[in-house]
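Right, one structure below, let's go through it.
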Amino acid sequence: SPIAAVKAILDAGSQGHFATGQIRSVGLAASQTIGYGDDGSGNISLRITLPGDSDLNGIVDFNDFLVLQNYFNAPGTTFAQGNFNFDGSTDFNDFLVLQNNFGQTLGGAAEPISNSERAALSAFATSVPEPAAVSLIATSVVGLRRRRIGK
């Protein structure tokens, strides 16, 4: 099956926003990417879309957030599983990509965001500490522990 090879080419090309590499797009706007999905039976779908659009429907919406939430902190994920920056895992950086494009459509018009969607995004963002915050907390804990041991 050539799926692994095609995914590797897509992942490598995404680093240059598909301007270089074996798969290229001359019509790709700066705010767009090439998203891809794998249906599990050997078929890969490609679409010019917005970063954060996991289902390739041209809209970054709550359904895409749910995909990201389901695969959050999972290694070895694909674009269709919330890995919007093609770094191999679905993490906080992918959430930021989704957040920056949330409510946007491929046609450019923003979709309205419901209060429940806004609340879910906000709750998720506050429940996941930023990498810098995690480092600060860890440093503080180590400092307190050393202080207690020294007494």
Side-chain angles (χ1 to χ4, degrees), residues 1-25 27-106 110-111 113-114 116-146:
S1 170
I3 291 177
V6 172
K7 285 181 182 178
I9 292 168
L10 288 167
D11 290 343
S14 69
Q15 301 306 316
H17 300 288
F18 296 101
T20 61
Q22 292 174 275
I23 296 177
R24 303 177 192 198
S25 173
L28 200 62
S31 63
Q32 298 172 343
T33 190
I34 296 178
Y36 71 94
D38 173 4
D39 71 1
S41 63
N43 298 312
I44 295 178
S45 301
L46 300 174
R47 178 175 181 170
I48 292 177
T49 192
L50 298 167
D53 179 21
S54 65
D55 56 10
L56 306 179
N57 68 353
I59 305 167
V60 181
D61 59 12
F62 197 65
N63 293 327
D64 302 307
F65 168 71
L66 293 176
V67 168
L68 182 136
Q69 186 179 28
N70 288 335
Y71 288 96
F72 196 75
N73 283 334
T77 53
T78 65
F79 187 88
Q81 296 169 328
N83 180 15
F84 305 128
N85 61 1
F86 299 91
D87 68 354
S89 64
T90 300
D91 55 21
F92 189 70
N93 293 323
D94 299 299
F95 172 73
L96 294 177
V97 169
L98 184 132
Q99 182 182 34
N100 290 336
N101 292 292
F102 196 82
Q104 299 300 313
T105 67
L106 198 56
E111 291 283 310
I113 300 173
S114 72
S116 61
E117 291 172 346
R118 190 179 316 275
L121 283 168
S122 178
F124 184 79
T126 56
S127 70
V128 179
E130 293 185 44
V134 172
S135 297
L136 181 61
I137 292 168
T139 304
S140 300
V141 168
V142 169
L144 290 173
R145 189 167 185 191
R146 283 186 185 160

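- Listed by chain and residue number, Ser54 satisfy the side chain to side chain donor-acceptor pair (under 3.5 Å) test with Asp64 (two or more places apart in sequence, or in another chain).
- Taking CD1 of Ile48 as the reference point, atom CG of Leu56 lies at 11.5 Å (rounded to 0.5 Å).
- Minimum interatomic distance between Leu98 and Gly52 (heavy atoms only, all atoms of both residues): CD1-O, 3.8 Å.
- Between Leu106 and Leu50, the closest heavy-atom pair is N-CD1, 3.7 Å.
- Closest approach of Val60 to Asp53, counting heavy atoms only: CG2-N, 3.9 Å.
- Rounding to the nearest 0.5 angstrom, the gap separating the CG atom in Leu66 from the OH atom in Tyr71 is 12.0 Å.
- In terms of heavy atoms, Asn83 sits closest to Thr90 at N-OG1, 3.4 Å.
- In terms of heavy-atom proximity, Phe79 sits nearest to Phe84 at O-CE2, 3.5 Å.
- Heavy-atom neighbours of Phe65 CZ from other residues, nucleotides or ligands within 6.0 Å: above the threshold of 12.
- In plain terms, the two heavy atoms of Phe72 and Asp91 that are nearest each other are CE1-C, 3.4 Å.
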